[in-house]
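Since the structure comes first, as structure tokens, the remarks are kept for the end.
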There are 2 protein chains.
Amino acid sequence: MSPAKVPAERTVTLKDVAEHAGVSPMTVSRALNKPETVSDALRARIDAAVDALGYVQNLVAGALASAGSNVIPVIVPSLSNTVFVEIVAGIQEVAQTAGFQLMLGNTEYDLEREYTAVSTFLGWSPPGMIIAGMRHLDRTRNLLKRWGKPVVETMEFGAQPIDMNVGLSHFKAGEAMTRHLVERGYRQIVFVGCRIDADYRAAQRYKGMDRVLARHGLARRDPISYTEPSNPERGGDALMEILDIKPKVDAIFFANDDLAVGAILRAQREGIAIPKRIAVAGFNGLPFASLVTPALTTIMSPRHEIGRIAAQQLIERISGRTPARRRVDVSFELQVREST
Amino acid sequence: MSPAKVPAERTVTLKDVAEHAGVSPMTVSRALNKPETVSDALRARIDAAVDALGYVQNLVAGALASAGSNVIPVIVPSLSNTVFVEIVAGIQEVAQTAGFQLMLGNTEYDLEREYTAVSTFLGWSPPGMIIAGMRHLDRTRNLLKRWGKPVVETMEFGAQPIDMNVGLSHFKAGEAMTRHLVERGYRQIVFVGCRIDADYRAAQRYKGMDRVLARHGLARRDPISYTEPSNPERGGDALMEILDIKPKVDAIFFANDDLAVGAILRAQREGIAIPKRIAVAGFNGLPFASLVTPALTTIMSPRHEIGRIAAQQLIERISGRTPARRRVDVSFELQVREST
DNA sequence: CTGAAAGCGCTTACAG
DNA sequence: CTGAAAGCGCTTACAG
């Protein structure tokens with residue numbers, strides 16, 4: 001029952017290291033943080049003292065004294081959706097290499113929770129912040145603007161960022177896919193997603209689709225939005241429902257590949273011919289999308305790259321440099337495969 | 001080019017709030033941190049001052065003064081693998097609700113980087129730590145033991161944890177799946193994974209398999225381990241290679257569902273009959289596993305639950321209570337479907 | 001190149 | 001219930 005642990009010892013501080021090495025704390029601080037400002041011999045003596053005492057730098061004290069930490073808060077609406085995780089992974093890659101730590105906030109698509117997360121994180125005196133999306137409470141925007149430090153909004157490319165912005169135009173993505181479907185000869189196209197009210201980026205893709213349909217004088221339908229979160233099974237169900245209730249529909253543009261791949265897997269099982277009976281398109285570019293039969297036509301969104309660029313931009317600004325562009329419109333790629 | 005920002009103002013501190021409310025800083029601190037110790041009227045006055053000044057508590061200063069923060073470091077070997085992300089999501093869920101923040105470290109399966117992450121994180125005076133896996137450098141184990149605060153090792157259930165442990169027995173999981181395959185009549189079974197040397201949990205599943213094969217006097221093969229990271233396409237390639245080079249093999253136990261689903265999708269495309277020509281089994285329980293044709297036999301690992309329990313155990317201990325069990329062996333579930 | 005002083009913004013522990 | 005003092009462990013800014 002009793003934890004198998006050595007009792008906690010008194011914390012070893014800079015001062016202890018200094019005494020052990022026979023110098024002042026200030027010198028130790030310098031040797032640790034700017035090794036080049038100190039002679040080799042001294043640095044070696046101090047490193048030895050650090051090892052001997054098992055000294056661990058107190059980052060909290062450092063952050064307070066220098067009025068800033070190297071922790072970058074990253075706020076996402078969900079961790080269940082791979083898309084956000086991949087952005088976080090991209091950020092991590094760059095940030096960790098540059099010596100920054102990531103603090104993770106999850107809002108569950110709740111803008112009030114987003115506000116709480118932002119204001120809490122501000123209390124850690126971070127040098128900057130990365131936040132998913134461009135739709136926030138006015139309070140949140142104002143707080144961040146008044147804060148005055150670098151902020152990157154990711155995911156979508158949009159107008160009037162708080163500060164910097166790295167993402168793609170979901171409107172254009174919707175247009176691109178729809179143009180492809182129209183060229184292929186599909187005339188009765190429907191958009192299917194989950195919780196499109198909250199997933200406003202999906203709504204933007206729908207709007208892009210609607211614009212193209214209107215321009216071609218084709219039938220414009222309201223999007224179909226299910227109330228549960230996106231999951232592959234729901235994609236299959238949606239396919240069957242549409243076939244049953246709206247038999248004239250000849251193509252489905254799904255809000256994401258989870259749904260679209262789910263629809264293809266169901267079609268396989270039910271013996272429904274895709275794209276002959278009905279075409280299926282997705283969005284994101286999941287690994288499985290190219291492996292199902294028929295392979296899924298989709299749009300590759302560069303999540304990892306968005307994360308990396310966001311982190312790079314932020315770190316540029318933290319380091320006092322000015323990135324070439326405040327707003328970065330990352331490109332997407334239409335992958336035409338067998339399902340359309 | 002010039003950022004659209006309000007210039008940064010002087011930081012609003014506790015003292016400012018105190019002056020504004022006409023009380024001492026100490027009283028404001030109490031009103032904020034232990035609202036119940038202060039009269040309603042006073043609390044209202046202080047809340048008003050906080051709002052008026054836009055005060056944000058400086059958590060760094062608080063952490064230094066009280067020699068502890070509410071930041072919990074979470075260290076994982078990868079963010080590209082859903083399994084770890086789901087554990088992080090489970091931890092988040094519990095931790096964020098309880099008022100803790102997560103700091104995220106990614107080791108990329110590198111034990112040296114793990115040590116660096118651990119020792120850096122210690123500098124944030126966290127109240128505890130969650131780390132994936134039970135295989136660490138001796139230095140890392142010692143550092144954590146000497147630190148003396150609560151630590152949870154997750155993913156696998158194993159002997160001699162640093163402190164607490166929540167996970168499942170991968171050895172038993174390997175045994176369970178192999179027993180199933182043997183019962184079904186498969187006799188020439190091979191284990192296929194990627195980077196099994198680094199993914200020692202996969203190696204444990206292999207050992208469980210080997211044990212069962214030995215007990216039944218069946219052919220025991222070395223595992224096949226590819227050098228690239230796990231991805232669905234590799235699963236398909238592996239299937240084709242085995243069919244070609246080891247035609248007698250009648251069942252493949254893949255190290256994870258990504259590989260196994262990839263194999264099934266390839267079999268579909270190539271017209272290979274599963275399980276008739278060769279059976280396929282996986283591990284993890286991905287959403288797509290039940291949707292492919294044939295549906296994949298796999299083992300459901302409760303990643304989310306592991307994360308939640310790990311966070312609960314940690315927070316129990318942080319709060320000074322003693323969890324009922326220091327080691328939690330979460331159960332897994334064999335899902336027999338069509339592919340075996 | 002090295003050090004003594006002051007201070008970062010809180011909370012702990014002690015008084016009243 | 002409220003406050004004055006001391007201190008958390010560093011770094012900044014200034015001397016030497």
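When reading the values below, keep in mind they use all heavy atoms of this one structure, side chains included, and skip hydrogens, waters and symmetry mates.
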Specify the separation, in whole Å, of atom [atom1] of [X] and atom [atom2] of [N].
| X | N | atom1 | atom2 | result |
| --- | --- | --- | --- | --- |
| B:Leu64 | C:dC10 | CG | P | 12 Å |
| B:Leu53 | C:dG9 | CG | C1' | 15 Å |
| A:Ile46 | D:dC10 | CD1 | P | 13 Å |
| A:Leu59 | C:dC8 | CG | C1' | 15 Å |
| B:Lys15 | C:dG7 | NZ | P | 11 Å |
| B:Leu122 | D:dC10 | CG | P | 13 Å |
| A:Leu32 | D:dG9 | CG | P | 16 Å |

Checklist line | A:Asn106 and B:Glu93 side chains, donor-acceptor separation under 3.5 Å | finding: no
Next item on the list: May I ask you to check whether B:Glu156 and B:Tyr200 show a side-chain donor-acceptor distance below 3.5 Å?
Entry: yes
Check: Taking only side-chain nitrogens and oxygens of A:Tyr55, does any of them come within less than 4.0 Å of OP1 or OP2 of D:dC10?
Finding: yes
Item checked: Side-chain N,O (B:Asn33) to OP1/OP2 (C:dT11) below 4.0 Å -> yes
Notebook entry, point to check: In Watson-Crick or G-U wobble terms, both distances under 3.5 Å, what is the partner of D:dT2?
Noted result: C:dA15
Checklist line | Pair B:Glu86 + B:Arg308: basic N to acidic O under 4.0 Å | finding: no
Checklist line | Electrostatic pair A:Arg317-A:Asp163, nearest N-O below 4.0 angstrom | finding: yes
Notebook entry, point to check: Heavy-atom count around A:Gln160 CD within 6.0 Å, excluding the residue itself: above 12?
Noted result: no
Protein-nucleic acid N or O pairs under 3.5 Å, nucleotides 1-5 of chain D:
residue, atom, partner, partner atom, Å
D:dG3, OP2, B:Ser24, N, 3.2
D:dG3, OP2, B:Ser24, OG, 3.0
D:dG3, OP2, B:Thr27, OG1, 2.3
D:dG3, N7, B:Arg30, NH2, 2.6
D:dG3, O6, B:Arg30, NH1, 3.3

Next item on the list: Can you measure from CG (A:Asn70) to OG (A:Ser125) and round to the nearest 0.5 angstrom?
Entry: 11.5 Å
